[in-house]
Amino acid sequence: MPRLSPIERNRNIGVIAHIDAGKTTVSERLIFYTGASHKIGEVHEGEAVMDWMAQERERGITITSAAITLSWKNHQINLIDTPGHIDFTAEVQRSLRVLDGAVVVFDGVAGVEPQSETVWRQADRYGTPRICFINKLDRMGANFEADIQSIHDKLTLNAVPVQIPMGVEEKLQGVVDLFNMKALYFEGEMGEKIVEKDIPEEFKEMAETYRQKMVEKIAAEDEALLEKFYAKKEITVPELKTVLRKSCLAYKLVPIFCGSALKNKGVQPVLDAIVEYLPSPIDLPPVQGIDTKTGQTIERKPDDKEPFSALVFKVATDPYVGTLTYFRIYSGTLNKGSYVLNSITGEQERISRIIRMHSNTRAELDSLCAGEIGATVGLKNTVTGNTLCDIASPIILEKIVFPEPVISMRVEPKTKADQEKLIASLRKLTTEDPTFRIKEDQETGETIISGMGELHLDIIADRLRREFNVDANYGRPQVAYKETILGEAEAEGKYIRQSGGKGQYGHVWLRVKPKERGAGYEFIDEIKGGAIPKEFIAPTQKGIKEAMDKGILAGYPVVDVEVTLFDGSFHEVDSSEFAFKIAGSMAFQAAAKRAKTIILEPIMKTEVITPPDFFGQVISDLNSRRGKIEETKERVGVKVIDALVPLSEMFGYATSIRSLTEGRASFTMQFDRYDRVPENVAKEIIEGKRK
């Protein structure tokens with residue numbers, strides 16, 4: 001099947017932002033103006049095209065990233081609308097991994113908010129070129145200059161306004177294009193007619209000042225332009241735009257646009273900017289991966305004739321077609337009916353259908369080419385982060401790294417008949433969402449589910465009930481504590497059992513040592529001279545891992561530890577894998593106790609927005625929750641408090657803050673890091689667990 005457009009006219013972009021900055025409203029306008037939808041779906045009316053899940057429409061938030069293909073000025077735009085709520089951060093992470101560019105949306109009143117910083121840093125990790133859109137400038141308290149300042153202070157000094165608003169709040173008339181120095185008005189019922197006029201007198205001075213700054217900033221990125229600038233020669237608009245595109249692709253400059261998506265002002269220039277400044281697949285370096293045969297790093301160019309390679313970035317359960325697997329093709333062509341290799345599992349999968357997604361409706365295709373985003377149905381053993389590739393040229397592309405869950409709760413079926421159905425449904429949800437985990441508590445036999453926050457688990461419970469028809473009872477949410485060690489220690493593990501006939505003999509010496517927070521677990525084999533035969537090393541490691549999962553102090557998993565197996569002995573007849581597994585487990589427990597085990601708890605970065613009258617009460621309430629106030633600042637009519645608070649102290653905070661401030665304050669929180677629990681709290685946790 002021929003391409004919709006040549007690869008250089010392809011744009012794979014995402015819309016990312018803090019919750020409530022108006023991301024989905026911006027996406028809905030992009031869809032409407034490109035003609036992909038004939039009416040605008042409003043989030044507050046539960047009609048958004050991109051928010052198609054029942055839970056999204058009820059809550060007015062985005063939960064799952066939705067993909068849609070648009071067409072603008074002979075360019076094909078594959079657009080992904082991502083969630084803003086921190087509980088669904090995995091959706092943003094996996095989308096950014098496969099996107100070439102991003103539109104970052106900011107609230108015109110709040111400027112840079114905590115989750116804006118998080119998504120910006122995630123985009124930094126992948127070096128994603130981006131453009132900014134300051135939205136909601138029609139709202140009470142909107143302040144364009146303060147927004148620019150907050151972007152410069154918190155995110156990057158390389159952000160450069162290429163538009164300014166004409167008025168703010170209810171006086172927002174349109175925007176000034178600083179390149180052509182023209183006023184743009186958005187007329188017609190839906191702002192679809194762009195009318196270009198001269199800049200009104202009252203905005204001329206501001207426009208001149210901003211244009212001067214813009215030209216200087218762009219010229220600084222190119223020697224020829226810089227010479228012209230200092231010689232006070234005229235720099236043409238095409239010259240400026242060429243250098244801005246080059247700088248944007250290299251992530252040296254980030255153009256800023258502005259307007260109000262809800263009031264249909266300023267959205268079409270964002271579509272123009274996506275086409276003009278964000279990269280096509282061929283503007284970026286070739287993707288790198290590992291050759292499974294040689295272990296060497298190899299490259300794949302974004303070319304239809306190269307061997308096929310694609311990264312799976314999302315698996316979703318569709319009520320009509322079953323399992324939908326979303327992928328981004330980096331090289332080659334994928335044909336319907338062909339076989340591909342999953343280079344992670346080593347299994348072959350048949351591509352029975354190829355689909356181009358339009359939110360939750362779809363178009364069937366015969367083939368899909370390099371640089372495209374699509375989906376297929378019915379893959380058996382392929383999960384998020386797997387690489388699909390040409391059977392003859394295997395490659396493993398870089399995986400997506402997801403954050404660890406911070407909150408858990410018990411779940412049990414209401415009837416015995418629902419037991420199997422519950423486990424099968426939970427398994428489906430874990431393949432869909434890599435930050436959702438299930439495990440069985442060995443001691444109690446209970447099923448424990450873990451996720452990124454209360455809302456995350458709430459949505460899971462809702463989906464179990466609606467999509468999978470599983471009725472279950474849920475326990476209270478619990479914090480996902482972890483354990484680690486403070487010092488180094490060595491210990492011996494000896495397991496000897498003698499009964500009639502063959503006995504059991506396993507003997508190991510381990511050394512444990514703490515690693516940096518978040519560095520994970522590392523096993524080092526230092527056995528020399530065959531003190532322990534090779535076949536008993538893996539069982540020893542398995543025993544260590546089991547002991548780590550069970551925990552030392554209070555039954556929470558042990559993390560960030562380096563374990564070295566450096567000595568031991570074996571018996572010609574009595575040694576077995578089982579004996580070494582037990583010995584490994586015993587040695588680890590003994591060494592960890594000597595190395596002083598401590599409990600770690602998740603700390604949440606919390607932002608509270610409160611009317612000034614309640615500022616004192618909110619601060620003292622946060623202090624009583626072991627919160628550490630980082631910064632307080634003012635926005636129009638409100639106080640903003642940034643604090644770090646342990647997650648365990650934040651259960652039920654939504655209700656508390658409402659009653660404390662007569663329902664006038666709001667807050668957002670996101671996981672920041674794991675930190676040591678104070679001794680007195682650790683004691684309570686250990687005692688509570690033992691009860």
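FYI, side chains are in, hydrogens and waters are out, and symmetry mates aren't considered; it's all heavy atoms of this structure.
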**Request:** May I have the step-by-step check of salt bridge (Lys or Arg N to Asp or Glu O under 4.0 Å) for Lys204 and Glu201, ending in yes or no?
**Result:** CA-CA 5 Å; Lys204 268 190 179 156; Glu201 208 56 52; 3.5 Å; yes
Does [X] reach the main-chain N or O of [Y] with its side chain, forming a donor-acceptor pair under 3.5 Å?
X	Y	value
Arg130	Gly101	no
Asn12	Gly371	yes
Asp222	Ala224	yes
His152	Ala159	yes
Gln268	Gly191	yes
Glu187	Lys193	no
Arg211	Leu178	yes

I want to check a possible cation-pi pair here: [X] against [Y], using under 6.0 Å from ring centre and within 45° of the ring axis as the test.
X	Y	result
Arg328	Tyr330	yes
Lys241	Phe179	yes
Lys639	Phe615	yes
Lys197	Tyr185	yes
Arg9	Trp72	no

**Request:** Determine whether more than 12 heavy atoms belonging to other residues, nucleotides or ligands lie under 6.0 Å from atom NZ of Lys633.
**Result:** yes
**Asked** Counting heavy atoms not belonging to Glu202, are there more than 12 under 6.0 Å from its CD?
**Response** yes
Looking only at heavy atoms, what is the nearest atom pair of [X] and [Y], with distance?
X	Y	result
Leu172	Pro165	CD1-CB, 3.8 Å
Val15	Ser27	CG2-OG, 3.6 Å
Ala273	Ile131	CB-CD1, 3.7 Å
Ser260	Leu137	CB-N, 4.4 Å
Leu278	Arg245	O-NH1, 3.2 Å
Val109	Asp107	N-OD1, 2.7 Å

Taking atom types as modelled, is there a side-chain donor on [X] or [Y] under 3.5 Å from an acceptor on the other?
X	Y	result
Gln76	Asn78	yes
Arg625	Ser620	no
Asp147	Ser150	no
Glu28	Thr25	no

**Request:** Take Glu234 and Lys228 through the salt bridge (Lys or Arg N to Asp or Glu O under 4.0 Å) test and state the conclusion after the steps.
**Result:** CA-CA 7 Å; Glu234 196 205 335; Lys228 270 189 166 186; over 6 Å; no
I want to check something: taking the side chain as every heavy atom from C-beta on, are [X] and [Y] in contact at a cut-off of under 4.5 Å?
X	Y	result
Ile16	Val103	no
Asn135	Phe106	no
Ile373	Leu99	yes
Arg664	Thr610	no
Ile13	Ile77	yes
Val645	Leu622	yes
Glu607	Ile641	no
Asp642	Thr632	no

**Request:** Check step by step if side-chain contact (heavy atoms from CB on, under 4.5 Å) holds for Tyr277 and Leu244.
**Result:** CA-CA 7 Å; Tyr277 306 120; Leu244 180 56; 3.7 Å; yes
How far does [atom1] of [X] sit from [atom2] of [Y], to the nearest 0.5 angstrom?
X	Y	atom1	atom2	value
Gln173	Asp138	CD	CG	13.5 Å
Asp100	Leu284	CG	CG	5.0 Å
Ile218	Glu239	CD1	CD	11.5 Å
Phe257	Asp177	CZ	CG	8.5 Å
Phe133	Arg29	CZ	CZ	10.0 Å
Thr209	Met214	OG1	CE	13.0 Å

**Request:** Tell me whether the centres of the aromatic rings in Phe667 and Tyr653 are closer together than 6.0 Å.
**Result:** yes
**Request:** Report the C-alpha separation of Met604 and Asp672 in whole Å, then their side-chain angles, then the decisive distance to 0.1 Å, and conclude whether the side-chain contact (heavy atoms from CB on, under 4.5 Å) test is met.
**Result:** CA-CA 5 Å; Met604 309 305 279; Asp672 186 62; over 6 Å; no
**Prompt:** Among all residues two or more places apart in sequence or in another chain, which pass the salt bridge (charged side-chain N to carboxylate O under 4.0 Å, His left out) test with Lys73?
**Reply:** Asp272
**Item:** Member of Val104, Ile256, Val254, Asn158 meeting the side-chain contact (heavy atoms from CB on, under 4.5 Å) criterion with Ile151
**Value:** Ile256
**Message:** Quick one, Asp124 with Tyr251, criterion side-chain contact (heavy atoms from CB on, under 4.5 Å). Give me CA distance, side-chain angles, the key distance, then yes/no.
**Reply:** CA-CA 9 Å; Asp124 278 350; Tyr251 184 43; 2.9 Å; yes
**Message:** Apply side-chain contact (heavy atoms from CB on, under 4.5 Å) to residues Leu30 and Val26 and explain how you reach the verdict.
**Reply:** CA-CA 6 Å; Leu30 298 176; Val26 170; 4.3 Å; yes
